[in-house]
Amino acid sequence: MTRRLAEVARYVGVSEATVSRVLNGKPGISDATRASVLTALDVLGYERPSKLRGERARLVGLVLPELQNPIFPAFAEVVGEALAKRGLTPVLCTRTVDGLSEADYVDMLLDQQVSGVIFAGGNYAQAAADHGHYQRLLDRRLPVVLVNAGISDLKFPTVATDDAHAVDQAYAHLTTLGHERIGLILGPRDHVPSSRKLAAFQRLTGAVDDQDDDTDDAPGGGLIKRTIFSMEGGHAAATRLIKRGTTALICASDVIALGAIRAVRRLGMSVPQDVSIVGYDDSPFMACTDPPLTTIRQPIDAMGQSAVKLLLSEIAGNAVPTDELVFEPELVVRGSTGAAPSAPSAPPARRRTRRTVTA
């Protein structure tokens with residue numbers, strides 16, 4: 001008991017007497033301190049006193065933004081298998097438009113006395129989003145790992161793909177094929193991974209990130225378009241860029257890239273003869289699309305395994321560095337990229353039909 005009191009007190013940063021008062025249900029302890037002590041018991045693997053114990057398993061929250069993008073189910077499979085091999089059970093939490101928010105899921109996971117949480121593609125990646133629930137996790141000292149780049153204020157360990165190198169690879173591939181007018185389709189303006197891709201693209205091209213996205217006479221003007229992460233967003237953004245004369249597009253996700261391919265076809269053109277498309281993720285089945293998608297592969301298996309190892313180290317009470325663990329992406333060349341057309345592509349003029357009116 002003495003060893004347990006000392007370890008929990010050291011973990012939370014309070015006295016052993018405070019821990020004892022919490023375990024014995026004594027008054028005079030703030031709710032925040034009580035919650036931190038109980039969380040420390042869970043994290044360190046100690047059983048709660050019977051009067052403070054609910055039904056508890058060794059649970060780990062896995063919070064994802066969606067399941068429609070196939071990269072997230074693939075990541076969940078890697079993390080779930082790695083956790084199960086270590087005797088932990090993943091609790092999958094997926095946000096929906098009209099469903100629970102990320103903050104709601106955090107409250108639920110805390111109520112379930114989880115031992116830790118892994119986030120992928122969450123609010124932490126958007127500077128303008130609500131981050132209050134992350135502070136609650138920090139206050140509780142609950143082990144947390146983030147997957148892919150987030151805002152700098154959150155001091156959680158992070159595993160991330162090198163977004164700048166991804167753009168370098170895609171751009172070098174397209175210029176080798178002879179493309180000179182290359183467009184970039186990104187996520188929202190406050191999305192941190194998109195911002196890193198943008199910085200790399202601007203370094204390579206000098207392109208201007210115009211606020212209104214309508215200025216074509218600036219150096220590199222009209223080459224950058226922002227949208228939401230969906231096929232519809234990719235379709236709309238690609239349509240505008242192709243009408244501005246781009247012959248190749250680098251997309252911030254495979255789903256956006258699929259929307260871009262659809263846009264090319266709706267404009268009466270073809271991939272890659274008129275426009276080349278590069279995606280990002282190498283989601284499952286991208287080799288089976290028509291044409292098979294050239295994309296930047298995120299090392300999902302290595303990243304998922306590393307996220308679990310970091311979380312387990314935190315759960316064991318070890319100090320884990322909060323610096324990003326950066327993984328190198330890989331260019332996977334398939335059929336959606338080809339040599340630049342001999343002249344800048346433009347959508348074919350719409351053919352007018354003549355109607356004959358008879359009396």
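These numbers come from the heavy atoms of this one structure, side chains and all, not from hydrogens, waters or symmetry mates.
- Thr161 places no side-chain N or O within donor-acceptor distance of the main-chain N or O of Gln298, the cut-off being under 3.5 Å.
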Decide side-chain hydrogen bond (donor to acceptor under 3.5 Å, both in side chains) for Asp282 and Thr295; before the verdict, give the C-alpha distance in whole Å, the side-chain angles of both, and the deciding distance to 0.1 Å.
CA-CA 6 Å; Asp282 196 25; Thr295 187; 5.4 Å; no
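- Ring geometry, His133 versus Phe119: the interplanar angle falls from 30° to 60°, so the pair is classed tilted.
- Atoms CD and CG, on Gln305 and Leu310 in that order, are 11.5 Å from each other to the nearest 0.5 Å.
- Taking 4.5 Å as the limit, some side-chain heavy atom of Ile182 sits within range of a side-chain heavy atom of His179.
- In this structure the side chain of Leu88 reaches within 4.5 angstrom of the side chain of Leu312, judged on heavy atoms.
- Side-chain N/O atoms of Ser30 and Thr33 include a donor and acceptor closer than 3.5 Å.
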What pairs of donor and acceptor atoms, side-chain ones from residues 164-173 against any protein atom, are under 3.5 angstrom apart with sequence neighbours left out?
residue: His165; atom: NE2; partner: Glu328; partner atom: OE2; Å: 3.3
residue: Asp168; atom: OD1; partner: Arg203; partner atom: NH2; Å: 2.9
residue: Asp168; atom: OD2; partner: Arg203; partner atom: NH2; Å: 3.3
residue: His173; atom: NE2; partner: Thr337; partner atom: OG1; Å: 2.9

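- Taking Lys309 as the reference, Arg86 meet the side-chain contact (heavy atoms from CB on, under 4.5 Å) condition, with sequence neighbours excluded.
- A cation-pi arrangement is found for Lys197 relative to Tyr280, the charged atom lying closer than 6.0 Å to the ring centre and inside a 45° cone about the ring normal.
- The shortest distance between side-chain heavy atoms of Val117 and Leu142 falls below 4.5 Å.
- Contact annotation: the side chain of Ser283 approaches that of Asn69 to within less than 4.5 Å [non-hydrogen atoms, C-beta and beyond].
- Under the rule for a salt bridge (charged side-chain N to carboxylate O under 4.0 Å, His left out), the partners of Arg265 that lie at least two apart in sequence or sit in another chain are Asp290.
- Side chain of Ser20 to backbone of Glu16: no donor-acceptor contact under 3.5 angstrom is found.
- With sequence neighbours excluded, no residue forms a side-chain contact (heavy atoms from CB on, under 4.5 Å) with Ala236.
- Here Arg136 does not pair with Glu102 in a salt bridge; the nearest charged N to carboxylate O distance is not below 4.0 Å.
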Step by step, work out the side-chain contact (heavy atoms from CB on, under 4.5 Å) result for Cys251 and Phe229.
CA-CA 10 Å; Cys251 303; Phe229 284 95; over 6 Å; no
Can Leu100 and Met108 be said to form a side-chain contact (heavy atoms from CB on, under 4.5 Å), step by step?
CA-CA 10 Å; Leu100 296 177; Met108 291 175 60; 3.4 Å; yes
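- No side-chain donor-acceptor contact under 3.5 Å links Thr158 and Glu324.
- With sequence neighbours left out, Pro90 forms a side-chain contact (heavy atoms from CB on, under 4.5 Å) with Leu83.
- For the side-chain hydrogen bond (donor to acceptor under 3.5 Å, both in side chains) test, no residue two or more places apart in sequence or in another chain qualifies with Asp301.
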